[in-house]
Amino acid sequence: MEPLVDGWGRRIGSVRISVTDKCNFRCTYCMPAEGLEWLRRDEILTFEEIARLTAILAALGVGEVRLTGGEPLVRRDLPDLVRMLAAIPGIDDLSLTTNGILLTRLAGALVDAGLRRINVSLDSLDHVRFAEIARRDALDQVLAGLAEAERYPELRPLKVNCVAIKGFTEQEVPALAELARRKPYVVRFIEFMPLDADRAWSADQVLTGGEIRALIEAEHGPLVEIPAKPSSTARRFRFADGHGEIGFINPVSEPFCSSCDRIRVTADGQLRTCLFSRREWDVKTALRDGRTDAEVADFLRFAVRHKELKHRVNEPGFVRASRSMSQIGG
Ligand code: SAM
Ligand code: SF4
């Protein structure tokens, strides 16, 4: 089949699939403290629908799948889905982004089902500050989840993601940099984006990758850049003595839209061609109304042709997406 190429000539190779909008945390930069309505069961794509869509995408050259949410591990029987997706020809990179709290229970089953890569979100190594940001007192469980993941050599590299917020994250940088040196974890800082349900984001709350790099270099000396794939969202660095890797995902200060190869599917089956899209494409209906795989593929091609050139976060008049991060799938 003809590959998926957008209207600007970018080839799409990666999809992030949200498996639930529910979450057992309430991170301040993502969800409201309370009161977000969950999707109904019948609104959410079934495992069979996700697998069919993934197979169609794989045939169009999309080889990379990341499962996300909400918190993907709260979706019942997730390892069954992982097993279904891992068996699809053409899927050569299957990964998961999680807050880590359920990993102690599920890491083994996920690896057994074919999961090979995992990202765990972790914003603070201090109990009080962790609870402040996640609105849940769960640091020990997350660290235990990471330790459990570490037991499986299949799950490498283990990535730890921290959302960088000015006035908060500066204090976390030394301990997180130490974590990268002490453990086989790649620690990555992601600039805070205007996707929080509380709509409290402002440009001056973004702690940039450049600022964090300077903080780390003041302590450890110059970091050495490691070449990354052109479609990679992260700039990678290692410590000069070779112990530890740090990554910076800088969508606000250094947008990487020109090499973006990603699309997203929400838990309720809406295709989004950008995190900041204001338009969604109803793939769920395309999957449910009797269309053949070839017809669904045509629908996907049409949607992808309309992929946005770039996000406009830094432009005057930027208008936020109507859904927040946990409802989209980060
Ligand atoms: N619940 C899982 C987790 O936290 O890893 C998966 C879903 S979460 C929406 C995916 C990623 O988005 C996490 O790494 C999270 O830190 C990040 N994220 C959420 N809100 C964000 C925001 N406003 N700006 C930047 N990253 C954000
Ligand atoms: Fe939940 Fe992940 Fe959002 Fe935190 S970032 S509230 S863990 S979906």
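Whatever order the structure lists them in is the order used to number ligands and atoms, beginning at 1.
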Less than 4.0 angstrom from a charged side-chain N to a carboxylate O is my criterion; do [X] and [Y] meet it?
X: E217; Y: R213; value: yes
X: D298; Y: R305; value: no
X: D93; Y: R117; value: yes
X: E49; Y: R288; value: yes
X: R235; Y: E254; value: yes
X: K284; Y: D268; value: no

Could you tell me if the side chain of F276 sits less than 4.5 Å from the side chain of P194, heavy atoms only?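 Result yes, sub-4.5 Å side-chain heavy-atom pair found.
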Can you figure out which of [options] has its heavy atom closest to [atom]?
atom: atom 1 (N) of ligand 1; options: G70, C23, P251; answer: G70
atom: atom 8 (S) of ligand 1; options: S326, G69, P72, C162; answer: G69
atom: atom 27 (C) of ligand 1; options: K22, Q327, M325; answer: M325
atom: atom 24 (N) of ligand 1; options: M193, E71, M31; answer: M193

Contacting atoms of ligand 1, where contact means under 4.0 angstrom from a heavy atom of N99: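 Counting from 1, the qualifying ligand atoms are 2 (C), 3 (C), 5 (O).
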Relative to atom 3 (Fe) of ligand 2, how many protein N, O or S atoms have a separation of less than 2.8 Å?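 Counting protein N, O and S atoms closer than 2.8 Å to atom 3 (Fe) of ligand 2 gives 1.
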Return a yes/no value for [X]: is any of its N or O atoms, backbone included, closer than 3.5 angstrom to an N or O of ligand 1?
X: Y29; value: yes
X: T98; value: yes
X: T68; value: no
X: F192; value: no
X: S121; value: yes

Check: S253 side chain, T208 main-chain N or O, donor-acceptor pair, under 3.5 Å: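 Looks like no, no N/O pair under 3.5 Å.
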Could you pull out all residues at least two apart from R199 that satisfy side-chain contact (heavy atoms from CB on, under 4.5 Å)?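 Counting only residues at least two positions away or on another chain, R199 forms a side-chain contact (heavy atoms from CB on, under 4.5 Å) with R320.
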Quick one: side-chain contact (heavy atoms from CB on, under 4.5 Å) partners of D112, sequence neighbours excluded?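 Checked D112 against side-chain contact (heavy atoms from CB on, under 4.5 Å); matches are R83.
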If you look at every heavy atom in I190 and M193, which pair is closest and at what distance?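 For I190 and M193, the tightest heavy-atom pair comes out as CG2-CE, 4.4 Å.
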Classify the contact between V120 and ligand 1 as side chain, backbone, both or neither, using a heavy-atom distance cut-off of under 4.0 Å. neither
For atom 16 (O) of ligand 1, what's the nearest protein heavy-atom neighbour? Residue, atom name and distance, please.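 In this structure, atom 16 (O) of ligand 1 has V163 CG2, 3.1 Å as its nearest protein heavy atom.
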S324 heavy atom under 4.0 Å from ligand 1: no
Inter- and intrachain pairs under side chain to side chain donor-acceptor pair (under 3.5 Å), touching residues 27-36, at least two apart: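 Every side chain to side chain donor-acceptor pair (under 3.5 Å) pair that includes a residue of residues 27-36, provided the two are not neighbours, is Y29-D123.
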